Amino acid sequence: MSAEQSVRANRRWWDGAADEYQAEHGEFLRDTGFVWCPEGLDEADARLLGDVRGKRVLEIGCGAGQCARWLVTQGARAVGVDLSYRQLQHSRRIDLDTGLRLPVAAADARALPFADESFDAVCSAYGAIPFVADSAAVMREAARVLRPGGLFVFSVTHPIRWSFPDDPGPHGLTATRPYFDRTPYVEFDEDGEPAYAEHHRTLGDRVAELTAAGLVLTALTEPEWPEGHDRVWGAWSPLRGRLIPGTAIFSARKPAA
């Protein structure tokens with residue numbers, strides 16, 4: 001499928017799924033909380049972005065803006081962008097509920113509506129990157145809007161999960177497809193048009209995308225499944241999480257001038 005087909009499909013899918021998604025996961029994400037992944041790794045503990053006080057931070061694929069809104073509570077000047085208008089409407093709803101206003105914009109992550117070197121940090125918690133056919137373009141955009149010395153941190157499904165069925169139970173523990181098969185996962189509507197898409201990249205692919213964008217990888221975090229965490233989120237579950245990683249978090253920095 002083309003990159004534009006992927007954009008159209010995922011905008012439509014997320015606009016249609018936003019209400020259900022927020023109803024199902026909103027309590028776990030919290031209106032002002034920065035949860036990196038289904039394993040529950042919290043930025044309040046992990047501090048992968050460091051001290052954000054006074055810093056200008058962009059969240060790509062912000063959804064309802066929970067992560068960026070938490071950054072506001074930490075003193076950051078945060079902004080969120082998302083492809084889905086409905087997700088951004090939920091962000092506005094949370095603004096009104098909490099009294100914390102988060103500036104947001106509807107945008108394609110491949111063409112961020114910001115000037116060069118506008119941000120001290122860019123982040124994304126399962127936002128945009130897995131759904132973009134040309135994810136290397138997202139890396140280039142993140143690098144473009146970062147100031148020299150700025151940090152880019154993003155979480156995605158751990159690439160090894162591509163080899164296993166999307167099943168939280170025992171069936172999801174047996175590899176069924178090659179790790180190196182980069183054929184996208186696509187769902188189609190009744191007219192045969194793409195209605196949802198995810199795009200697989202290996203760990204090596206992600207590193208190559210970052211370095212091609214002029215960024216330097218500084219850390220790769222693979223959160224372990226914590227004791228006492230029994231929440232099932234899609235294919236993420238205690239059963240699978242204690243055996244194979246479910247999330248990869250990449251930290252990269254733009255070289256200082």
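Keep in mind that what you see is a predicted model, and the values were worked out from it rather than measured. Numbers here simply count residues along the sequence, with the first being 1. The basis for the numbers below is simple: all heavy atoms, side chains too, and nothing from hydrogens, waters or symmetry mates.
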Show, in sequence, the C-alpha distance, side-chain angles and deciding distance for K254 and E117, and conclude whether the side chain to side chain contact (heavy atoms under 4.5 Å, CB included) test is met. CA-CA 10 Å; K254 184 173 182 176; E117 300 182 4; 3.9 Å; yes
Less than 4.5 Å apart, side chain to side chain, heavy atoms only: is that true for [X] and [Y]?
| X | Y | value |
| --- | --- | --- |
| T202 | R182 | yes |
| V7 | F131 | no |
| V81 | V104 | no |
| Y126 | P38 | yes |
| P194 | D189 | no |
| W36 | C123 | yes |
| R161 | I244 | yes |
| V216 | T211 | no |

For a side chain to side chain donor-acceptor pair (under 3.5 Å) check, start with the C-alpha distance between E59 and S124, then their side-chain angles and the critical distance, and finish with the verdict. CA-CA 5 Å; E59 183 184 6; S124 184; over 6 Å; no
Could you walk me through whether D51 and Q74 pass the side chain to side chain contact (heavy atoms under 4.5 Å, CB included) test, one step at a time? CA-CA 8 Å; D51 185 355; Q74 304 301 298; over 6 Å; no
Within the side chain of S155, is there an N or O that forms a donor-acceptor pair under 3.5 Å with the backbone of C37?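 No, the answer is negative, given that no donor and acceptor are paired below the 3.5 Å cut-off.
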Quick one: does any side-chain atom of S118 pair with a main-chain N or O of F114 as donor and acceptor, under 3.5 Å? no
Do you know the tightest heavy-atom contact between [X] and [Y]?
| X | Y | value |
| --- | --- | --- |
| A107 | P113 | CB-CD, 3.6 Å |
| H90 | A64 | CB-CB, 3.9 Å |
| A252 | L210 | CB-CD2, 4.1 Å |
| P178 | S163 | C-OG, 3.9 Å |
| S251 | L217 | O-CD1, 3.3 Å |

Between [X] and [Y], does any side-chain N to carboxylate O distance fall below 4.0 Å?
| X | Y | value |
| --- | --- | --- |
| D120 | R147 | yes |
| R240 | D167 | no |
| R144 | D116 | yes |
| R69 | D31 | no |
| R93 | D97 | yes |
| R11 | D108 | no |
| R47 | D42 | no |
| E141 | R110 | no |

Nearest 0.5 Å please: distance from the [atom1] atom of [X] over to the [atom2] atom of [Y].
| X | Y | atom1 | atom2 | value |
| --- | --- | --- | --- | --- |
| D15 | Y85 | CG | OH | 8.0 Å |
| H158 | W236 | NE2 | CH2 | 12.0 Å |
| E209 | R201 | CD | CZ | 6.0 Å |
| F164 | T176 | CZ | OG1 | 8.5 Å |
| L203 | I160 | CG | CD1 | 8.0 Å |
| I129 | T157 | CD1 | OG1 | 11.0 Å |

Checking side chain to side chain contact (heavy atoms under 4.5 Å, CB included) for the pair V72/L102: CA distance, chi angles, key distance, verdict? CA-CA 8 Å; V72 171; L102 174 71; 4.2 Å; yes
Could you state whether [X] and [Y] fall into the same hydrophobic cluster, counting links through intermediate Ile, Leu, Val, Met, Phe, Trp or Tyr residues with side-chain heavy atoms under 4.5 angstrom apart?
| X | Y | answer |
| --- | --- | --- |
| Y185 | V156 | no |
| I60 | L71 | no |
| W13 | V186 | no |
| L49 | I249 | yes |
| V122 | L83 | no |

Run the side chain to side chain donor-acceptor pair (under 3.5 Å) test on D134 and H199 for me, step by step, so that the C-alpha distance in whole Å, both residues' side-chain angles and the decisive distance to 0.1 Å come before the verdict. CA-CA 9 Å; D134 184 9; H199 302 273; over 6 Å; no
Taking it one step at a time, do W70 and E43 satisfy side chain to side chain donor-acceptor pair (under 3.5 Å)? CA-CA 9 Å; W70 179 84; E43 176 61 10; over 6 Å; no
Is the ring pair [X]/[Y] parallel, tilted or perpendicular, if the boundaries are 30 and 60 degrees?
| X | Y | result |
| --- | --- | --- |
| H229 | W225 | parallel |
| F154 | F250 | parallel |
| Y21 | W14 | perpendicular |

Run the numbers on Q89 and R86 for side chain to side chain donor-acceptor pair (under 3.5 Å), then give the verdict. CA-CA 5 Å; Q89 287 178 322; R86 187 58 179 166; 2.8 Å; yes
Polar contact flag, side-chain donor to acceptor under 3.5 angstrom, [X]-[Y]:
| X | Y | result |
| --- | --- | --- |
| D82 | S84 | no |
| E222 | T247 | no |
| Q66 | Q22 | yes |

Do other residues, nucleotides or ligands put more than 12 heavy atoms under 6.0 Å from the CZ atom of F180?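 Open: at most 12 neighbouring heavy atoms sit under 6.0 Å from CZ of F180.
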Just checking E187: does its CD atom have more than 12 heavy atoms from other residues, nucleotides or ligands closer to it than 6.0 angstrom? yes
Let's go through D95 and L100 carefully: what are the C-alpha distance in whole Å and the side-chain angles of both, what is the deciding distance for side chain to side chain contact (heavy atoms under 4.5 Å, CB included) to 0.1 Å, and is it a yes or a no? CA-CA 5 Å; D95 283 349; L100 289 169; 5.5 Å; no
Would you verify whether the NZ or CZ of R231 falls within 45 degrees of the ring axis of F28 while also being under 6.0 Å from that six-membered ring's centre?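 Output yes; distance and angle both within limits.
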